[in-house]
2 protein chains.
Amino acid sequence: MLEGNEQQLDEIVSSFRRISHAFQQLLWKDAEELEITPTQLMVLRKLSVHPEIGITELAELLHLGNSAASGVVDRMVKAGLITRQRSESDRRSFKLSMTDKGIEIRERSKQSLRRHLLPLSTIPIEDAGELLRIHGEIVKILEQGRDKKKL
Amino acid sequence: MLEGNEQQLDEIVSSFRRISHAFQQLLWKDAEELEITPTQLMVLRKLSVHPEIGITELAELLHLGNSAASGVVDRMVKAGLITRQRSESDRRSFKLSMTDKGIEIRERSKQSLRRHLLPLSTIPIEDAGELLRIHGEIVKILEQGRDKKKL
DNA sequence: AATATATATTTCGCATGCGAACTATTTTAC
DNA sequence: GTAAAATAGTTCGCATGCGAAATATATATT
């Protein structure tokens with residue numbers, strides 16, 4: 001992959017930028033009609049699978065920094081989508097839960113996402129599998145490299 | 001790809017979020033030691049291939065909105081990386097060019113990017129090709145869908 | 001028990017990116 | 001040639017995400 005010249009490297013970088021961008025656009029389309037943002041929708045999704053988690057755990061699930069997670073949570077509390085309650089056992093941390101409004105949007109999002117991913121259904125199932133596999137490889141490599149540098 | 005249940009959809013979305021994130025991290029590592037941001041570095045790259053372009057053209061090359069491009073350019077001018085001169089022929093538009101400082105950073109970035117993409121060289125060359133191909137497919141589909149809705 | 005250290009969260013200043021509303025030119029139409 | 005429509009940029013308010021510094025609470029050390 002690396003013997004490529006300058007232009008091939010640029011192609012790879014551009015491809016990633018572009019795919020990220022295009023996918024982000026799709027997620028916005030999806031979230032827009034629910035009157036919420038993609039990140040906030042993702043928070044609802046995670047919260048429905050992992051209820052009662054704190055901000056640090058949420059940050060890990062979303063691969064975000066703590067400060068970013070804190071900000072999202074703050075805006076979502078203000079928007080009445082989730083609740084932030086001090087934990088009894090550990091008064092440093094919070095327990096996040098969805099409000100009724102949050103639950104409702106999360107439910108509606110199930111159909112919504114499906115509808116917006118529809119155009120992608122023309123992609124052969126093997127390709128989808130390959131994509132996920134290669135993405136997995138890349139993420140593994142990149143996150144490994146990052147952790148190494150931390151030590 | 002679509003017959004999947006809710007959880008598979010979530011996997012796809014998560015994969016994209018994660019790969020985008022990991023790649024963004026890599027680009028930051030790359031740009032950091034050049035004391036510049038990834039987006040600004042990309043501007044320099046584009047400018048070295050397409051000199052004298054205006055802001056709208058730059059925005060298209062980077063797949064950005066005009067306002068975003070305008071902001072980046074503004075910060076780069078302030079940082080002394082590029083120049084923004086009114087065009088003689090069309091006084092609405094600008095001609096962007098790199099300063100000596102910009103050129104120097106862009107030169108140094110060639111080795112830098114190569115070094116940071118090094119960990120990815122363990123990925124088989126076929127996989128890299130497959131990845132670019134599938135990304136291309138997806139982008140085509142997504143951007144097609146977006147354009148349709150515009151009409 | 002007192003001190004040091006670790007953990008959970010917030011706040012700050014920054015860059016990015018969006019869409020919408022606005023200004024200034026240029027082109028098109030009548 | 002003047003009015004209307006298109007085009008190039010900017011500005012605004014917003015949400016996102018970062019890292020670093022701060023606060024509060026919990027745990028470990030001595």
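Being a predicted model, the structure only gives us computed values, none of them experimental.
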Peer 1: Do B/Arg106 side-chain atoms and B/Ser48 backbone N/O form a donor-acceptor pair below 3.5 Å?
Peer 2: no
Peer 1: Would you kindly compare B/Phe94 and A/Gly71 by the position of their nearest DNA chain D nucleotide and give the one closer to the 5′ end?
Peer 2: B/Phe94
Peer 1: Whether B/Ser70 contacts D/dG9 is assessed here as follows: a side-chain N or O lying under 4.0 Å from the phosphate OP1 or OP2. Is that the case?
Peer 2: no
Peer 1: Among D/dT16, C/dT9, D/dA8, find the nucleotide with the atom closest to the side chain of A/Thr37.
Peer 2: D/dT16
Peer 1: From C/dC18, D/dG19, D/dT10, pick the nucleotide closest to the side chain of B/Ala68?
Peer 2: C/dC18
Peer 1: How many Å lie between CH2 on A/Trp28 and P on C/dA20, as a whole number?
Peer 2: 12 Å
Peer 1: Starting at CZ of B/Arg18 and ending at P of D/dG17, how long is that distance when rounded to a whole Å?
Peer 2: 15 Å
Peer 1: What is the distance, to the nearest angstrom, from the CZ atom on B/Arg91 to the P atom on D/dT10?
Peer 2: 15 Å
Peer 1: Of the nucleotides C/dA6, C/dC18, D/dG9, which one has an atom closest to the side chain of A/Arg92?
Peer 2: C/dA6
Peer 1: Nearest-nucleotide wise, let me know which of A/Pro38 and B/Ile55 is further upstream toward the 5' end of DNA chain D.
Peer 2: B/Ile55
Peer 1: When only distance counts, do a donor and an acceptor, one from the side chain of A/Ser67 and one from the base of D/dG19, lie under 3.5 Å apart?
Peer 2: yes
Peer 1: Can you tell me how far P of D/dG9 sits from CG of B/Leu58, to the nearest Å?
Peer 2: 9 Å
Peer 1: Using heavy-atom distances to pick each residue's nearest nucleotide on DNA chain C, tell me which of B/Ser89 and B/Thr39 is more 5'.
Peer 2: B/Thr39
Peer 1: Compare the minimum distances between each of D/dA15, C/dA8, C/dT16 and the side chain of A/Gln40, then state the nucleotide with the smallest one.
Peer 2: D/dA15
Peer 1: Specify the closest pair of heavy atoms between B/Arg86 and B/Arg92, including all atoms of both residues, with the distance to one decimal.
Peer 2: NH1-O, 2.8 Å
Peer 1: Report yes if a side-chain nitrogen or oxygen of A/Arg84 is closer than 4.0 Å to either non-bridging phosphate oxygen (OP1 or OP2) of C/dT10; otherwise report no.
Peer 2: yes
Peer 1: When you measure from the side chain of B/His21 to the backbone N and O of A/His63, does any donor-acceptor pair fall under 3.5 Å?
Peer 2: yes
Peer 1: Counting side-chain heavy atoms from C-beta on, which of D/dA20, C/dT16, C/dC18 comes nearest to B/Arg75?
Peer 2: C/dT16
Peer 1: So does B/Arg108 have more than 12 non-hydrogen atoms from other groups sitting under 6.0 Å from CZ?
Peer 2: yes
Peer 1: Of the options D/dG17, D/dT25, C/dT25, whose atoms approach the side-chain atoms of B/Asp90 most closely?
Peer 2: C/dT25
Peer 1: So B/Thr39 and A/Arg17, side chain to side chain contact (heavy atoms under 4.5 Å, CB included) or not? Walk me through it.
Peer 2: CA-CA 10 Å; B/Thr39 300; A/Arg17 276 186 65 96; 3.9 Å; yes
Peer 1: On DNA chain C, does the nearest nucleotide to A/Lys95 precede the nearest nucleotide to B/Val72 from the 5' side, or the other way round? Give the residue.
Peer 2: A/Lys95
Peer 1: Would you mind reading off the bend of the helix from C/dA1-D/dT30 to C/dC30-D/dG1 from its two end axes, five pairs each, to 10 degrees?
Peer 2: 10°
Peer 1: B/Glu32 has an atom CD; how far is it from atom P of D/dC18, in whole Å?
Peer 2: 13 Å
Peer 1: Ring-plane angle category for B/Phe23 and A/Phe16, please: parallel below 30°, perpendicular beyond 60°, tilted otherwise.
Peer 2: parallel
Peer 1: Grab the two heavy atoms, one from B/Gly80 and one from B/Thr99, that are nearest each other, plus how far apart they are.
Peer 2: O-OG1, 2.7 Å
Peer 1: Nearest to the side chain of A/Asn66, which nucleotide is it out of C/dC18, D/dT10, C/dT9?
Peer 2: C/dT9
Peer 1: To the nearest Å, give me how far apart CD (A/Gln25) and C1' (C/dC18) are.
Peer 2: 8 Å
Peer 1: On the nucleotide D/dC18, are OP1 or OP2 found under 4.0 Å from the side-chain N or O atoms that B/His21 carries?
Peer 2: yes
Peer 1: So, applying side-chain contact (heavy atoms from CB on, under 4.5 Å) with B/Ser112, which one of B/Glu107, B/Glu32, B/Lys29, B/Glu33 is it?
Peer 2: B/Glu33
Peer 1: Rounded to the nearest Å, what distance is computed from the NE2 atom of residue B/His63 to the C1' atom of nucleotide C/dC18?
Peer 2: 16 Å
Peer 1: Using atom CG of A/Leu27 as one end and atom P of D/dT16 as the other, report the distance to the nearest whole Å.
Peer 2: 13 Å
Peer 1: Salt bridge (Lys or Arg N to Asp or Glu O under 4.0 Å) for B/Arg133 and B/Glu130? Distances and angles first, verdict last.
Peer 2: CA-CA 5 Å; B/Arg133 183 183 66 75; B/Glu130 273 292 278; 3.0 Å; yes
Peer 1: Which nucleotide, C/dG17, D/dG17, D/dG9, lies nearest any side-chain atom of A/Arg17?
Peer 2: C/dG17
